[in-house]
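First comes the structure, then the notes that go with it.
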Amino acid sequence: MKTLLTLGLAFLLVPRVQAQLVAKARCAVFTIEILDGKLNGLKPSVPYAELKAKLPCFTATVPEGDSSRCGGAVYFADKDVTFYTDRDYIEVGQKFDGKMSVPIMGASRNSLFSTLGNPKVKDEDWDAFETAYGCLVLHYNKSGKVNLIQFSSTGINTLHLCNNK
């Protein structure tokens, strides 16, 4: 009798404890057009709301206007990509999982001249190239290989990068 009573209670409670399954938003493979300054057809100046609508697979966001945390940031941590919509640039890390029109991630600093020309600004750890769309900044590791890419729709003189890492 106890078993029958326990079973009856279990059947009554099961519908109340069932979890709701929610599908994770999926995006197409990220494709970066280095010479056009676009990621999946989106420029670094894409508005915050439009970016979130077109690429709903983001992992975190920071609202626009929050300057203490580089506001207007939309993170795709699983793809190692961040859009900084307040500052109009895209950052691509070395764990980027996608396609590039020009495979520069991991490329040697000395091998980029034929594709990108001379940098407009050069430093020990990075180079900034002027482009038709704005600018491209490449950061290098100790071996002189590209390990971080930043591209912006603003020019080199007006570029304002976030330093939150």
Side-chain angles (χ1 to χ4, degrees), residues 23-64 66 69-165:
K24 182 181 177 193
R26 298 183 57 88
C27 290
V29 172
F30 277 15
T31 301
I32 298 174
E33 296 292 334
I34 294 291
L35 301 178
D36 290 335
K38 295 179 183 175
L39 187 149
N40 283 20
L42 300 174
K43 295 179 181 182
S45 58
V46 64
Y48 183 78
E50 183 181 337
L51 170 62
K52 288 173 49 179
K54 290 195 175 182
L55 295 177
C57 58
F58 55 88
T59 56
T61 62
V62 174
E64 287 193 311
D66 185 350
R69 293 175 41 211
C70 296
V74 180
Y75 299 94
F76 300 87
D78 56 332
K79 300 179 184 318
D80 206 4
V81 170
T82 304
F83 278 77
Y84 291 99
T85 57
D86 271 355
R87 298 169 187 234
D88 293 336
Y89 79 95
I90 300 171
E91 189 169 274
V92 182
Q94 62 187 0
K95 294 179 183 164
F96 173 69
D97 183 22
K99 299 177 185 175
M100 282 192 198
S101 60
V102 179
I104 58 176
M105 187 63 74
S108 171
R109 185 178 207 167
N110 298 329
S111 69
L112 300 170
F113 175 76
S114 62
T115 305
L116 303 173
N118 288 319
K120 174 101 176 184
V121 181
K122 193 173 181 84
D123 190 69
E124 184 178 326
D125 298 327
W126 56 268
D127 291 334
F129 298 87
E130 199 166 39
T131 64
Y133 58 82
C135 68
L136 170 68
V137 181
L138 303 178
H139 296 261
Y140 305 98
N141 61 21
K142 300 289 182 207
S143 303
K145 308 267 185 192
V146 175
N147 68 348
L148 181 69
I149 301 167
Q150 297 166 314
F151 56 100
S152 176
S153 56
T154 66
I156 291 171
N157 296 331
T158 56
L159 181 64
H160 184 63
L161 298 175
C162 185
N163 190 14
N164 66 352
K165 290 188 177 185

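Met100 and Phe96 get closest at one heavy-atom pair: CE-CD2, 3.8 Å.
Proximity of a side-chain donor or acceptor of Arg109 to a complementary backbone N or O of Trp126 within less than 3.5 Å is detected. Between the side chain of Tyr89 and the backbone N or O of Cys162 there is at least one donor-acceptor pair closer than 3.5 Å. A distance-only check finds a donor-acceptor pair linking the side chain of Ser152 to the backbone of Asp88 [under 3.5 Å]. Between the side chain of Asp80 and the main chain of Val92, no donor-acceptor pair closer than 3.5 Å is present. A donor-acceptor pair under 3.5 Å is formed between the side chain of Thr85 and the backbone N or O of Gly72. A donor-acceptor distance shorter than 3.5 angstrom exists from the side chain of Ser101 to the backbone of Ile34, with no hydrogens or angles considered. Listed for the Thr59 side chain is a donor-acceptor partner under 3.5 Å among the backbone atoms of Tyr75.
Within the model, atoms CZ of Arg87 and OG1 of Thr158 stand 13.0 Å from one another, a figure rounded to the nearest 0.5 Å. Separation of atoms CG (Asn147) and NZ (Lys95) is listed at 11.5 Å; rounding is to 0.5 Å.
Classification of the Phe83-Phe76 ring pair by plane angle, with boundaries at 30° and 60°, yields perpendicular.
Partners of Glu50 according to the salt bridge (Lys or Arg N to Asp or Glu O under 4.0 Å) rule, which considers only residues two or more places apart in sequence or in another chain, are Lys54.
Ile149 pairs with exactly one of Val137, Ile32, Leu136 by the side-chain contact (heavy atoms from CB on, under 4.5 Å) rule, that one being Leu136.
If you check the side chains of Tyr140 and Asp127, you find a donor sitting under 3.5 Å from an acceptor.
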